[in-house]
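Atom set for the values below is all heavy atoms of this structure, side chains included, hydrogens, waters and symmetry mates excluded.
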Amino acid sequence: MDWPDREVAEKVKVTRTVTKTVDGVEQAVEETVEETRKRVQPGCLEVVYHLFSVARKHGPVVVRMRTVNRTDQVELPSLTSVWRSAEFQEREIFDLYGVVFTSHPDFAAAVDVGWIQGPPHAAGLCGAGRL
């Protein structure tokens, strides 16, 4: 899943020292004011595994992992050492979204798209709805 950046508004109480004139005398008074601060929470890429065991008749086990952000810190640990059948799906996720799986045994391209130079996520085609 692709989680976009979002703006988060927080109400924060701030104490300020204000000079006020009371009966002709200036006094320093501390005043508590509630301010609204806005910050941008960076988006992330989320990889969701639905794991089943046919031999043990067990499942689904749902594993969710999120990257730090959507641009430069897109590394996640690979589950192929635990669940061998995740190998192809992880290669496909790398091709389409650019998520790098550390300790992956065979990190070759899973999908060969001849009309695109490089992986599709690098060409910017995934978010544009052209792929």
Side-chain angles (χ1 to χ4, degrees):
M1 289 183 109
D2 188 5
W3 295 95
D5 297 346
R6 65 181 180 152
E7 191 174 273
V8 179
E10 298 174 315
K11 291 190 176 184
V12 180
K13 291 186 178 182
V14 179
T15 304
R16 297 180 180 161
T17 303
V18 181
T19 55
K20 290 189 175 185
T21 306
V22 179
D23 294 333
V25 179
E26 287 190 5
Q27 296 178 346
V29 179
E30 288 192 1
E31 191 175 69
T32 303
V33 182
E34 194 171 271
E35 286 184 350
T36 302
R37 294 185 183 170
K38 293 182 180 180
R39 64 179 175 87
V40 176
Q41 183 177 5
C44 64
L45 295 171
E46 182 179 53
V47 177
V48 181
Y49 293 91
H50 295 267
L51 306 173
F52 294 89
S53 173
V54 177
R56 296 179 185 237
K57 298 179 182 172
H58 185 263
V61 175
V62 179
V63 178
R64 292 179 159 195
M65 295 188 294
R66 289 186 177 182
T67 61
V68 176
N69 60 27
R70 295 170 56 199
T71 54
D72 58 346
Q73 296 176 339
V74 290
E75 288 188 359
L76 292 175
S78 176
L79 289 185
T80 55
S81 60
V82 178
W83 217 272
R84 183 69 179 164
S85 63
E87 181 180 347
F88 179 77
Q89 283 79 12
E90 288 178 354
R91 289 177 17 201
E92 191 175 32
I93 290 168
F94 170 73
D95 284 348
L96 295 176
Y97 295 101
V99 177
V100 177
F101 291 93
T102 57
S103 71
H104 194 277
D106 180 26
F107 217 58
V111 180
D112 183 24
V113 183
W115 56 275
I116 298 174
Q117 296 293 338
H121 70 274
L125 300 177
C126 292
R130 291 182 268 168
L131 186 63

What residues, two or more places apart in sequence or in another chain, satisfy side chain to side chain contact (heavy atoms under 4.5 Å, CB included) together with [X]?
| X | answer |
| --- | --- |
| Lys57 | none |
| Thr21 | Glu26 |
| Ala28 | Thr17 |

Remaining members of hydrophobic cluster (4.5 Å side-chain criterion), Val12: Val14
Qualifying residues under salt bridge (Lys or Arg N to Asp or Glu O under 4.0 Å), relative to [X], sequence neighbours excluded:
| X | value |
| --- | --- |
| Glu34 | none |
| Glu30 | none |
| Lys38 | Glu7 |

Tyr97 vs Val47, side-chain contact (heavy atoms from CB on, under 4.5 Å): CA-CA, chis, key distance, verdict: CA-CA 10 Å; Tyr97 295 101; Val47 177; over 6 Å; no
Checking [X] now: which residues fulfil side chain to side chain donor-acceptor pair (under 3.5 Å) with it, not counting sequence neighbours?
| X | value |
| --- | --- |
| Gln89 | none |
| Glu31 | Lys20 |
| Asp5 | none |
| Arg56 | none |

Candidate pair Val18 and Val29, rule side-chain contact (heavy atoms from CB on, under 4.5 Å), full reasoning: CA-CA 5 Å; Val18 181; Val29 179; 5.5 Å; no
Side-chain heavy atoms of Tyr49 within contact of Met65, under 4.5 Å: yes
Donor-acceptor pairs under 3.5 Å, side chain of residues 78-88 to any protein atom, not counting sequence neighbours: which ones?
unit_1	atom_1	unit_2	atom_2	d
Ser78	OG	Thr80	N	3.2
Ser78	OG	Thr80	OG1	3.0
Ser78	OG	Glu90	OE1	2.6
Arg84	NH2	Glu87	OE1	3.2

Atom of Thr67, atom of Glu75 and distance for their closest heavy-atom approach: CG2-N, 4.5 Å
